[in-house]
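Below is one structure; the comments refer to it alone.
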Amino acid sequence: MCGIVGYIGKKDAAPILLEGLKKLEYRGYDSAGIAVQEKQGIALVKKKGKLNSLEEILKQKSPRGNVGIGHTRWATHGKPSTPNSHPHQSSEGEFVVVHNGIIENYLELKNQLKKEGYVFDSETDTEVIPNLISKFYQGNIEEAVRKAVDLLEGSYAIAVLSKKEKEKIVAVRKDSPLIIGLGEDEYFIGSDIPAILDHTRNVYILDDNEMAVLEHQGVKTYTVEGEELDKEIFNVDWEASMAEKGGYDHFMLKEIHEQPETVKNCINGRLTETDVKFEGFTMDQEELNKYNKIYIVACGTAYNSGLVGKYAIEKLARVPVEVAIASEFRYRDPIVDENTLVIVVSQSGETADTLAAVRESKAKGARIIGICNVVGSTIARESDDVIYIHAGPEIAVASTKAYIGMITVQYLLAIYFARIKGLLADDKSREIISSFKQIPEQIKEVLEKNEAEIKAQIDNYADRENIFYIGRGLDNAVVEEASLKLKEISYIHAESYPAGELKHGTLALVEEGVPVIAVATQTDVIDKTLSNIKEVKARDGVVTAVVTEGVKDLDDIDFRFEIPATNELLAGILSTVPLQLLAYYIAVERECAIDQPRNLAKSVTVE
Ligand code: F6R
């Protein structure tokens, strides 16, 4: 939910921390702060608001020193305010902490600490941490941090500075991501790789209950019990420019335009002429036959990707699939056992509800396949197998390229399962795979053909209060995601329906001028969808349709976005793209904060 950074080296820490925080702003952006070791003590600067509020203060007067930590916040405990911003310090100011996560037992700890004379300045759960460290400090900061985290229940990635041991940062994690960047005589802390990518490509990815101690002479890693570790260095092969806006007005638009690359990266090395293979993941027929049910568990856009996955897997591999919302799944005592296959989908690999579903399913004996973007993330590591979507860093809060990567992997899995079961003959498989290979170029075509027209038509949608989306079958899965995209970035009320369902209630809301967006790419149901479009037109609604080029007989349609012909199963990838653009340009017209929509954060590591 929040982003943390740290630096120790020979350079001025403050500008490095600020730059690192800018790369992490997608993790939270209601307040920010830094703490830097100065000769006289630790200088703390923090401010409510986006990072530029902090930047303005630092322009006037920036702390000077070579060791520091920083934080960008997304409020959980305590409203967005300067006192609630991180870093937080112990009552006597000796220990300073930044924290990402939630301390579930903080009230109990806070009450106890208050009785012992500690004074609290904020409403946060975090403030108990520096005070516990202060309580346990007896000349060894690592030891004090160990004792403090031993009392914490919940999730945390923390970085600690102390006035007592100035040339050192101690970091520890449990259930919140944390990486350590290893430069030349300088070392970094980040919640995520983009924070350190301008400085180094060599990182340690800390696992749960691991601690790192950063000093000028190097970094040592330990278990939280104090046993020294020999951690493997992970070399990041992302280009730094990949994490920048690359000339687009918003990360979201850049990421929409990166989607041909996303699909390419996702299918690269995984397709033969007739088959799909995944590095490090196999399943034989006997095992697949054992599974009488597949769950796809995820949140938000990742959940919507599962709707496409369900459609493809059921269609090709004939195994029943249920798509489950992760936050509901674990509390409903799901019927999961060793005969259930659980596919969890998560861009960040850190979503708390999805992670909880992984653990719940694992405890019940299911095999877990993780579909993730962030390499080395917690869900990726805790799943039995992980298939990466290779979308590169996704910075815009509203997911676009990660969604395309997620559905691409699920299409691949559907083919893979169908081939194992012997349900997809060579010629059929060859046909789908050959269509798959054309998808990256076809996405480019969709972007080129539709973008200017969408911009030109934007007035028809931008001032509306409600927009409805309809589709049948696969198209219905697509409109679920399209409507989420619109509402989260434009704040227009949008809903999606199976097209035939409109007349069972929502049609009552359709009156003159109400926009209804239909996706109609599936020939087996297109006539039915066209009838539903007529129902809308009869109430003077304004219909936009996403259809395959060459489709005729669409007299009732006011606006039309075309996608190139492909194997119909794969149309879900192409039909998504114009609707992402539509949402984007509506939000531009409404002057919304596109990359950072109100109330939302990129990585939701709390329940
Ligand atoms: C919406 C969006 C969210 C995420 C959801 C799950 O555009 O991005 O709905 O899909 O928070 O996140 P991950 O995929 O990281 O588990």
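Atoms within each ligand, like the ligands themselves, are counted from 1 in listed order. Along the sequence shown, residues are numbered consecutively beginning with 1.
- Checking H493 against E495 by side-chain atom types alone, a donor-acceptor pair falls below 3.5 Å.
- Remark: distances from the non-hydrogen atoms of V397 to ligand 1 include one below 4.0 Å.
- T301 OG1, 3.6 Å is the protein heavy atom nearest to atom 2 (C) of ligand 1.
- Under a cutoff of 6.0 Å and an axis angle of 45°, R598 and Y491 form a cation-pi pair.
- Among residues two or more places apart in sequence or in another chain, the side-chain hydrogen bond (donor to acceptor under 3.5 Å, both in side chains) test is passed with Y331 by E607.
- Using a 4.0 Å cut-off between heavy atoms, M406 contacts ligand 1 through its side chain alone, with no backbone atom that close.
- Distances from ligand 1 to the non-hydrogen atoms of K485 include at least one value under 4.0 Å.
- In this structure, K293 satisfies the cation-pi test against Y295, with its NZ or CZ atom closer than 6.0 Å to the six-membered ring centre and inside 45 degrees of the ring normal.
- Remark: minimum distance from atom 15 (O) of ligand 1 to any protein heavy atom is reached at S348 OG, 2.6 Å.
- Given atom 7 (O) of ligand 1, the protein heavy atom at minimum distance is E488 OE2, 2.6 Å.
- For atom 12 (O) of ligand 1, the closest non-hydrogen atom on the protein side is T351 OG1, 3.4 Å.
- With sequence neighbours excluded, the residues that form a ring pair (Phe, Tyr, Trp, His ring centres under 6.0 Å) with F188 are Y7, H199.
- Using modelled atom types, one finds no donor on one side chain facing an acceptor on the other under 3.5 Å when comparing E481 with Q580.
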